[in-house]
There are 2 protein chains.
Amino acid sequence: MIREQLLDPGAAELAGFLNRHARACACLVQVAGQMEVTYQGRAASTAEAGAYLLILKADGSLQIHHPKGVKPMNWQPKTDTVTAAAQDGFCVLTASRKNPAETVQVVMLEIQLAQALEITDEAGFVIAGTEAQLQATLARQPELIEPGLTVLDLELLTDVGGIDLYAKDAKGQYVVVELKRAKATQEAVHQLSRYVDAVREHLPKRAKVRGILAAPAISLPAAMTLERLNLEFKEIHALPTAQEQAAQPNLF
Amino acid sequence: MIREQLLDPGAAELAGFLNRHARACACLVQVAGQMEVTYQGRAASTAEAGAYLLILKADGSLQIHHPKGVKPMNWQPKTDTVTAAAQDGFCVLTASRKNPAETVQVVMLEIQLAQALEITDEAGFVIAGTEAQLQATLARQPELIEPGLTVLDLELLTDVGGIDLYAKDAKGQYVVVELKRAKATQEAVHQLSRYVDAVREHLPKRAKVRGILAAPAISLPAAMTLERLNLEFKEIHALPTAQEQAAQPNLF
DNA sequence: ACCTCGATGTCGGCT
DNA sequence: AGCCGACGTCGAGGT
């Protein structure tokens, strides 16, 4: 599982280690110690010398972590080339990609630890409660939104984007439904609004089109805007609540 | 720098290690080996037993990495409690937070490595090319958008959000500018459109209000919508181009 | 390759 | 504490 581990490696030794493992073997490579990191690409950043943790995965993704937060300080989702070289007594790692053109460069000042771990298997991972699942559920059971609703289309494409759920209500009026798996914001209201407008343009004049924002909750300002625009809100939950789970344990 | 390192620890030993270092010392803690991970909260997920790398930072953030990508498989940005305990011969780590209420639970099946690293200092980090900087630059040099432009306001609040740049052009017409540091999408066009509408409502009838989308590029569909809505596009770059840098090296 | 949108988005800033 | 919007967003899915 630990393929190789170096303590306090020298520049040349570290460069050799990185070139040997970067991409070549299916390993997750880590380097910890004092580094300096610069980035040039969509933006440009510099990190002063400090203690960081660098992780280079087998798929070529790179991340450099500072002491705080889930998000790396610097990163590269994919790399076209990753190379290490000893320069002026320091090991320098350069990770580049084209499209977008960007480069992360790491100067390894004083490295305490370099290791290659065998983290390589893809194991099964399942997630529940996504918007896609919510959409599928509501497509099967549109009455969860409103009795008498008939679903006409999923992801119906308009000029301005895809409509989550396109339907007809009990009175035969068209209904545009915008789904959110989390609390709806102003943004969601405007998204719905522009879909409703787009649908109206494709229908005969004075055909009424309803817009429903379906989400577990809505922010107060968003609710205001919603009302002003004559749109509707329907509370709907992405994950079954504890009660629902108890009531229909076999459904999920 | 390496505060402590355990190879092939037992359940109790590992639990002790985690409880000792989690949050207590200002360390970055890692565990590598076979684990099972479950998450319950905003969504719900399960990861089958597999080789993962767990990172627990001193600020209480937790992330569990699989072999691919920058994004962790599971994570928790902040935790209220992190506890480890030996159960049925396995060390089980539980990380929880309220608001939102969620829990990550890790069953450590076969651990090869646990280590605590001193990654604790906050070193200087600067980034260039953000939208905020672009906004500041254009506020100082509005002629970069258009000759004769006078900036009236930054982040002017309307009912529907803040206007990046509110200005008056050479002819005295009001101008709403929406900035994007990257290629502008449909969304940006609609954002701009909303702001223009909001401003029109506050001005006497028939006062003309121009809307300019300032970005390094625009997607083709967005450009279509922009034209349909009688809005304008102005190419503007968040980072100085190589030529500009060469021409005015002292400005940046 | 471009485009669009979801995300357990995360994170910071402001009210 | 809630709300909003940027992000080097990432990543997946469609065209």
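Proteins get letters first, then strands, A, B, ... in listed order; numbering begins at 1 in each. It should be emphasised that the depicted structure is a prediction, and the values quoted were computed from it without experimental measurement.
Using a 4.0 Å heavy-atom cutoff across all strands shown, A:G161 reaches sugar-phosphate atoms only and no base atom. No contact: B:Q76 has no heavy atom under 4.0 Å from any strand. Within the 4.0 angstrom heavy-atom criterion, no nucleotide atom of any strand lies near B:F125. Note on A:S45: nothing from the nucleic acid sits closer than 4.0 angstrom, heavy atoms only. A:G129 comes within contact range of no nucleotide atom at all, as no heavy-atom separation falls under 4.0 Å.
Atom CG in A:D159 sits about 16 Å away from atom P in D:dT15, given to the nearest Å. In this structure, A:L62 atom CG and D:dC10 atom C1' are separated by 15 Å, rounded to whole Å. Between the CE atom of B:M73 and the P atom of C:dA7 there is a distance of 18 Å, given to the nearest Å. Put simply, CG on A:L192 is 12 Å from P on C:dG6, counting in whole angstrom units. Straight-line distance from the CD atom of A:E155 to the C1' atom of C:dC5: 8 Å, rounded to whole Å. Summarising the geometry, the separation between NZ on B:K180 and C1' on C:dC3 is reported as 16 Å, rounded to the nearest angstrom. Taking atom CG on A:D59 and atom C1' on D:dA12, their separation rounds to 15 Å, with Å as the unit. In this structure, CD of A:Q133 is placed 15 Å from C1' of D:dA12, rounded to the nearest angstrom.
For the OP1/OP2 pair of C:dT4 and a distance below 4.0 Å, the side-chain nitrogens and oxygens of A:R194 include no atom meeting the criterion. Remark: B:R181 is not in phosphate contact with D:dG8, judged by side-chain N or O atoms under 4.0 Å from OP1 or OP2. Contact annotation: B:Y39 side-chain N/O to C:dA7 OP1/OP2 distance is not under 4.0 Å. Dashed line: the shortest gap from a side-chain N or O of A:W75 to OP1 or OP2 of D:dC10 is under 4.0 Å. For D:dC4, one of the phosphate oxygens OP1 or OP2 lies less than 4.0 angstrom from a side-chain nitrogen or oxygen of A:S219.
Between B:I64 and the choices B:Y39, B:Y52, B:W75, the side-chain contact (heavy atoms from CB on, under 4.5 Å) rule is met once, by B:Y52. Under the side-chain contact (heavy atoms from CB on, under 4.5 Å) rule, B:L213 has a single partner from B:V177, B:L231, B:V189, which is B:V189.
Comparing B:G41 and A:Y195, the nucleotide of DNA chain C nearest to each residue sits closer to the 5' end for A:Y195. Checking A:A44 against A:I218, the closest nucleotide of DNA chain D that is more toward the 5' end is the one next to A:I218. The 5' end of DNA chain D is approached more closely, in terms of each residue's nearest nucleotide, by A:K183 than by the other of B:L179 and A:K183.
Salt-bridge check for B:R200 with B:D197: passed, with a basic side-chain N closer than 4.0 Å to an acidic carboxylate O. With salt bridges taken as basic N to acidic carboxylate O contacts below 4.0 Å, one links A:E102 and A:R42.
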Got a list of protein N/O to nucleotides 11-15 of chain C N/O distances below 3.5 Å?
from	atom 1	to	atom 2	distance (Å)
C:dC11	OP1	A:V70	N	2.8
C:dC11	OP1	A:K71	N	3.4

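Distance check, rounded to the nearest 0.5 Å: CD of A:Q105 to OG1 of A:T83 gives 9.0 Å. A:M224 contributes atom CE, which lies 11.5 Å from atom CG of B:D159 (distance to the nearest 0.5 angstrom). Note that CG of A:N74 is 8.5 Å distant from CG of A:L62, once rounded to the nearest 0.5 Å.
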Run the salt bridge (Lys or Arg N to Asp or Glu O under 4.0 Å) check on A:K180 and A:E178 step by step: do they pass? CA-CA 7 Å; A:K180 285 296 162 209; A:E178 171 65 26; 3.4 Å; yes

The test is salt bridge (Lys or Arg N to Asp or Glu O under 4.0 Å); show your working for B:E146 and B:K234 and say whether it passes. CA-CA 9 Å; B:E146 182 178 286; B:K234 168 66 187 176; over 6 Å; no

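Between D:dC3, C:dT8, D:dC10, one nucleotide has an atom nearer to the side chain of A:R42 than all others, and that is D:dC10. When distances run from any side-chain atom of A:T130 to the nucleotides D:dC4, C:dT4, C:dA7, the shortest one goes to C:dA7.
Residues of residues 96-103 of chain A having a heavy atom closer than 4.0 Å to DNA chain D, listed by number: A:E102.
Classified by interplanar angle (parallel below 30°, tilted 30° to 60°, perpendicular above 60°), the ring pair A:H65/B:H65 is perpendicular.
To the nearest whole angstrom, the two P atoms, one in C:dC11 and one in D:dG11, are 15 Å apart. For C:dT8 and C:dT4, the P atoms lie 22 Å apart once the distance is rounded to whole Å.
The side-chain contact (heavy atoms from CB on, under 4.5 Å) check on B:E36 picks up B:A49, B:V107, B:L109, with sequence neighbours excluded.
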